[in-house]
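Working notes, structure below.
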Amino acid sequence: MPDTASPAPNVHMRYDFAEAEPRWQRAWAERNCFRVADVPGDGRPKYYVLEMFPYPSGKIHMGHVRNYTLGDVLARYKRACGFSVLHPMGWDAFGLPAENAARERGIHPARWTYDNIAAMRAELRRMGLSLDWEREFATCDIAYYGQQQKLFLALLEAGLAYRKESFVNWDPVDGTVLANEQVIDGRGWRSGAPVEKRRLAQWFFRITEFAPELLAALDGLERWPERVRTMQAKWIGRSEGARLSFPLLTPADGIDGIEVYTTRPDTLFGMSFLALAPEHPLAAAVATRDPGAERFIAECRRLGTSEAAIEAAEKQGYDTGLSVAHPFLKDEKFPVWIANFVLTEYGTGAVFGCPAHDQRDLEFARKYGLPVRPVVLPPDESAADFSVGCTAWVGPGTMIHSDFLDGLDPESAKHRVVAELERIGAGRGEVNWRLRDWGVSRQRYWGCPIPVIHCATCGVVPVPERDLPVRLPEDVRFDRPGNPLADHPTWKHVRCPACGGAAERETDTLDTFVDSAWYFSRFCSPRAADPLDRSAVGHWMPVDQYIGGIEHAILHLLYARFFTRAMQRTGFIGVAEPFAGLFTQGMVTHESYRLADGRWLYPEEIERQVDGSVVERASGAPVIIGRIEAMSKSRRNTVDPGAIIARYGADTARWFILSDNPPERDMEWTEAGVAGAHRFLQRVQRLADSIAAAPTGANVPILFSRPAQALRHRTHQTILAVTAALEDFAFNSAVARLYELAGAIGDAEREEGEGLAVARREAIEILVRLAAPMVPHLAEELYARLHPGTTSLVAELPWPEADPALAASDSVTIAVQVGGKLRGTIVMPPDSPEPEVVAAAAAEPNVARLLAGRRVVRRIHVPNRIVNFVVAG
RNA sequence: GCGGGCGUGGCGGAAUUGGCAGACGCGCCGGACUCAAAAUCCGGUUCUGGCAACAGAGUGUCGGUUCGACCCCGACCGCCCGCACCA
């Protein structure tokens with residue numbers, strides 16, 4: 001039997017993370033370390049740190065681990081710095097996968113969702129995140145979506161929500177409508193199915209009303225990545241131009257003119273044709289009596305605009321036979337075409353074609369033999385021989401063949417022609433936006449019911465306050481396609497609140513992006529009887545630091561910005577912008593592995609041979625190492641955080657994920673990296689235990705020996721460096737500084753001198769406390785071992801402060817250059833006078849050798865950094 | 001096509017923003033301990049020449065500004081991301 005006697009003080013106690021981590025998690029919970037009030041009265045400055053809340057798929061993935069670790073480091077650090085920190089967690093719980101589970105496995109969406117939440121909550125708790133769990137909610141809680149219905153009605157009343165019939169993006173696989181933002185490369189963002197166009201009555205949020213301020217306010221979001229701001233700006237898409245109308249020479253079908261939007265009114269005299277979108281009302285009217293037009297329009301619809309963008313760069317058109325007059329060229333008439341490249345949603349759904357100065361118009365004109373008339377003469381060209389070949393001229397120049405515009409530059413010509421159009425009443429200057437109103441109707445069960453009632457006599461009637469919330473029925477069937485709410489035998493049949501007659505509930509539910517467009521403000525007062533408590537959101541909002549994936553750069557972040565403004569206008573909140581700071585983390589990647597037959601293997605199914613090759617563990621078959629790419633189930637290059645935490649502990653997972661590289665970049669998850677992180681944490685633990693066991697003597701020594709001083713200097717410099725790194729989100733640099741300090745403590749173990757024991761105890765304690773935001777459990781454990789009997793928790797301690805005297809260096813190393821090349825270094829007291837530094841530099845042996853016999857023409861001295869002798873020749 | 005970002009050892013990356021390029025980690029090489037291995041500890045590790053001191057080259061390429069450039073300017077090459085018939 002091994003010796004089982006109690007360990008001697010200098011024998012290292014093993015740190016059992018599996019026992020210790022849950023123990024410290026309980027300790028934090030018992031002391032309510034992370035709880036804050038809705039409206040705190042303690043006068044501490046507030047800091048709201050939020051990570052994008054997860055969809056409850058059932059298991060956390062490494063992306064979650066990275067996201068929540070980053071946020072947790074920040075939350076713990078800010079708390080130590082004296083902030084009162086709001087750090088909540090919840091669940092983005094409505095959505096399609098729950099309905100798919102219901103269809104495929106017969107589980108009720110609610111059951112599936114809440115089971116998943118329970119499983120994921122346990123995994124998140126195991127990570128030791130400093131969350132205020134009392135604020136937790138799921139968006140599928142009636143307490144949440146019921147409040148959301150109140151917000152919807154407020155928006156409806158304010159005219160920010162409305163219903164209209166329109167062409168919508170229809171996802172034939174998911175059987176629902178998608179917002180423009182949810183169509184990616186012509187396909188549904190979830191299903192990947194090609195999107196079709198359908199005409200349906202839908203609910204919309206009037207996000208376009210805020211387009212100017214959503215764009216303008218981007219400039220003020222200084223703590224947002226430039227990338228995200230430019231993406232949003234492009235998405236909102238402001239353009240300046242003119243709207244003008246072209247009268248039809250022979251009014252047809254009750255339409256006597258066509259409105260056109262253009263950003264190039266200066267090229268109006270270069271007009272060659274007018275083109276309508278296939279969905280334009282006049283095109284539809286023509287189609288009723290022209291089978292050719294009807295066929296053409298049907299063909300365009302079949303392809304769909306987005307699909308056509310991919311397939312057919314080819315322009316196609318159909319001549320309606322109609323013509324329009326020109327506002328200035330009175331003797332001329334221009335043909336009206338239907339063209340597949342004209343978008344119905346942008347501008348007026350009709351354009352005038354100026355082939356000489358627009359590439360699309362040029363391609364169209366060449367194909368159908370339409371005239372090409374240049375009106376902008378490029379610099380260095382002569383009007384006599386300038387002609388347009390197969391490339392339109394879109395650059396600067398001088399206006400020609402343009403009557404009263406001749407001689408102007410295009411920019412001045414724009415203003416001039418707009419003024420003229422306004423004078424004769426044919427058009428006006430107009431700003432246009434790419435942003436469309438946000439379609440929020442979804443023909444789905446597992447979402448927030450839209451709280452309105454359709455009455456044959458009264459129209460759309462809001463559900464009265466007393467009848468809220470509109471609760472989802474629980475007894476629904478998923479054995480038929482389509483919306484189970486519409487299919488429900490009784491749920492939708494109600495009395496009209498206005499006239500008392502028979503009426504029907506709206507059966508559409510809200511896009512789940514609505515749920516995530518305001519959850520951050522609900523976290524301020526999650527149990528309030530109203531959607532938001534004014535004083536709570538007044539205290540906590542905006543979110544000081546929001547952290548999440550770049551994939552939400554447009555959709556979620558733009559919707560949240562809009563919805564906050566809408567809530568501001570309807571009086572629920574006092575701020576316009578929800579997120580003062582935004583940090584977008586990189587993805588977690590991993591090598592991928594596949595067998596010769598193409599089958600992908602999970603990392604745990606492979607084995608690395610001594611020669612570096614890889615085989616399948618079960619069969620010994622050779623494995624091809626694939627690309628390092630984002631973890632995905634289809635490539636099986638995922639690593640389960642639960643398994644990592646079980647094997648190495650939460651602290652190791654956190655430490656590795658922080659140490660590998662800067663958090664905004666993609667990181668590669670490697671087995672070697674995790675093992676290395678784990679080794680380091682064990683080393684810190686051994687250091688702490690040996691120091692805890694060593695006597696320090698009764699008193700602090702009066703005199704510290706040279707090595708003791710050096711260690712203290714390093715310790716206090718580390719405080720400064722780690723603090724700066726954390727402020728900068730440079731967690732990998734913070735980690736590097738802590739490695740250095742651990743190395744210095746280890747080195748000091750081999751030294752001797754007065755005060756070393758005290759210096760080492762100070763160093764390890766500082767190390768533990770600086771590492772605490774990153775590895776909170778180990779920090780608590782080691783702090784407790786260093787202070788037997790303490791009742792303090794590191795989670796409650798203030799952030800260490802550097803002693804300026806100790807942090808200051810008593811010497812600096814100055815580089816010495818000769819002719820700009822490094823030739824040696826000298827060590828001097830800081831801020832030494834220039835003559836002394838230069839003299840010492842010149843005396844440095846190698847420098848002196850190289851200066852011998854050469855004329856120094858100039859001496860550059862940068863204090864504490866460099867001396868450069870510029871020599872002649 | 002338009003917009004944004006990025007190019008530094010075998011790898012991830014650092015460099016106080018114009019002042020010692022390669023911190024720190026991974027990997028690799030060598031050593032100590034061990035019967036041996038693991039673990040741990042110590043040392044080395046940009047390239048070339050040299051026992052060394054040291055010298056030369058070096059931050060995608062070419063050029064420029066500067067006493068001095070990974071950093072600033074110009075041109076180009078490559079990679080990543082976003083948008084894309086937006087009139």
Checklist entry - Taking atom C1' of rC83(B) as reference, at what distance in whole Å does atom CG of Leu343(A) sit? => result 14 Å

Checklist entry - rG49(B) pairs with which nucleotide, Watson-Crick or G-U wobble, both distances below 3.5 Å? => result rC54(B)

Checklist entry - How far, in whole Å, is rA52(B) from rG63(B) if one measures between their C1' atoms? => result 39 Å

Checklist entry - Partner of rC62(B) by Watson-Crick or G-U wobble geometry, both contacts under 3.5 Å, or none? => result rG74(B)

Checklist entry - Would you call rU16(B) syn or anti, using the 90° rule around 0? => result anti

Next on the checklist: What's Arg750(A) touching, base or sugar-phosphate or nothing? Going by heavy atoms closer than 4.0 Å.
Outcome noted: sugar-phosphate

Checklist entry - Can you tell me how far P in rG58(B) sits from the matching atom in rG64(B), rounded to whole Å? => result 14 Å

Item to check | Phosphate OP1/OP2 of rG13(B) contacted by Arg665(A) side-chain N/O (<4.0 Å) | outcome: yes

Checklist entry - Is Arg227(A) near enough to rG5(B) that one of its side-chain N or O atoms lies under 4.0 angstrom from OP1 or OP2? => result no

Checklist entry - Watson-Crick or G-U wobble partner for rC2(B), using a 3.5 Å limit on both distances? => result rG82(B)

Next on the checklist: Assuming nearest nucleotide by heavy-atom distance, tell me which of Ala815(A) and Asp666(A) is located more 5' along RNA chain B.
Outcome noted: Asp666(A)

Checklist entry - Does Asn846(A) place a side-chain N or O at less than 4.0 Å from the phosphate oxygens OP1/OP2 of rA55(B)? => result yes

Checklist entry - Is Arg737(A) paired with Glu740(A) through a side-chain N to carboxylate O contact shorter than 4.0 Å? => result yes

Checklist entry - For atom P, what is the distance between rA53(B) and rU61(B), given to the nearest Å? => result 29 Å

Item to check | Aromatic ring pairing Phe246(A)/His326(A), orientation class (parallel under 30°, perpendicular over 60°, tilted between) | outcome: perpendicular

Checklist entry - How would you list all residue pairs meeting salt bridge (charged side-chain N to carboxylate O under 4.0 Å, His left out) that involve residues 653-676 of chain A, not counting sequence neighbours? => result Asp72(A)-Arg654(A), Arg647(A)-Glu671(A)

Checklist entry - According to the interplanar angle, ranging from 0 to 90°, do the rings of Trp669(A) and Phe656(A) count as parallel (below 30°), tilted (30 to 60°) or perpendicular (above 60°)? => result perpendicular

Item to check | Rounded C1' spacing from rC47(B) to rU8(B) in Å | outcome: 14 Å

Item to check | Residue whose nearest RNA chain B nucleotide is more 5′ - Gly347(A) or Asp747(A) | outcome: Asp747(A)

Checklist entry - Hey, does Pro662(A) reach any base, or is it just sugar-phosphate, or nothing, if we go heavy atoms under 4.0 Å? => result sugar-phosphate

Checklist entry - If anything within 90° of 0 is syn and all else is anti, what is rG12(B)? => result anti

Next on the checklist: Considering every strand and a 4.0 Å limit on heavy-atom distances, what is the contact class for Thr670(A): base, sugar-phosphate, or nothing?
Outcome noted: nothing

Checklist entry - Got a sec, which pairs hit salt bridge (charged side-chain N to carboxylate O under 4.0 Å, His left out) with one end in residues 232-245 of chain A, sequence neighbours left out? => result Arg238(A)-Glu240(A), Arg243(A)-Glu259(A), Arg243(A)-Glu430(A)

Item to check | N/O donor-acceptor pair under 3.5 Å between Thr589(A) side chain and Met667(A) backbone | outcome: yes

Next on the checklist: Is the phosphate of rG19(B) approached by Lys821(A) (side-chain N or O, under 4.0 Å from OP1 or OP2)?
Outcome noted: no

Checklist entry - Which whole number of Å gives the distance between the C1' atom of rA21(B) and that of rG9(B)? => result 11 Å

Checklist entry - Just how far, in rounded Å, is P of rG19(B) from CG of Leu822(A)? => result 14 Å

Checklist entry - Can you tell me how far P of rA39(B) sits from CD of Gln685(A), to the nearest Å? => result 17 Å

Checklist entry - With a 4.0 Å cut-off on heavy atoms, is Arg243(A) in touch with a base, just the backbone sugar-phosphate, or nothing at all? => result nothing

Next on the checklist: For a quick test of reading the model, state the closest non-hydrogen atom pair linking Ser809(A) to Gln717(A) and the distance between them.
Outcome noted: OG-NE2, 3.6 Å

Checklist entry - Given Phe869(A), which of Val816(A), Ile860(A), Val857(A) fulfils the side chain to side chain contact (heavy atoms under 4.5 Å, CB included) condition? => result Val816(A)

All N/O pairs under 3.5 Å across the protein-nucleotides 22-25 of chain B interface:
from	atom 1	to	atom 2	distance (Å)
rA23(B)	O2'	Glu740(A)	OE2	2.6
rA23(B)	N3	Arg737(A)	NH2	3.1

Next on the checklist: Could you tell me how far rU16(B) sits from rC71(B) if I compare only their C1' atoms? Round to whole Å.
Outcome noted: 13 Å

Checklist entry - Judged by modelled atom types alone, do Ser239(A) and Tyr261(A) share a side-chain donor-acceptor pair under 3.5 Å? => result yes

Checklist entry - Who is the Watson-Crick or G-U wobble partner of rA37(B), with both distances under 3.5 Å? => result none

Checklist entry - For Phe656(A) and rG13(B), what is the distance between atoms CZ and C1' respectively, to the nearest whole Å? => result 13 Å

Next on the checklist: Please classify the nucleic acid contact of Val351(A) as base, sugar-phosphate, or nothing, using heavy-atom distances under 4.0 Å.
Outcome noted: base

Checklist entry - What integer number of Å spans the C1' atoms of rG12(B) and rG22(B)? => result 13 Å

Next on the checklist: Mind checking if Asn868(A) touches a base, just sugar-phosphate, or nothing, with heavy atoms under 4.0 Å?
Outcome noted: base

Next on the checklist: Counting the atoms with a prime plus P, OP1 and OP2 as sugar-phosphate, which does Arg849(A) contact under 4.0 Å by heavy atoms, base, sugar-phosphate, or nothing?
Outcome noted: sugar-phosphate

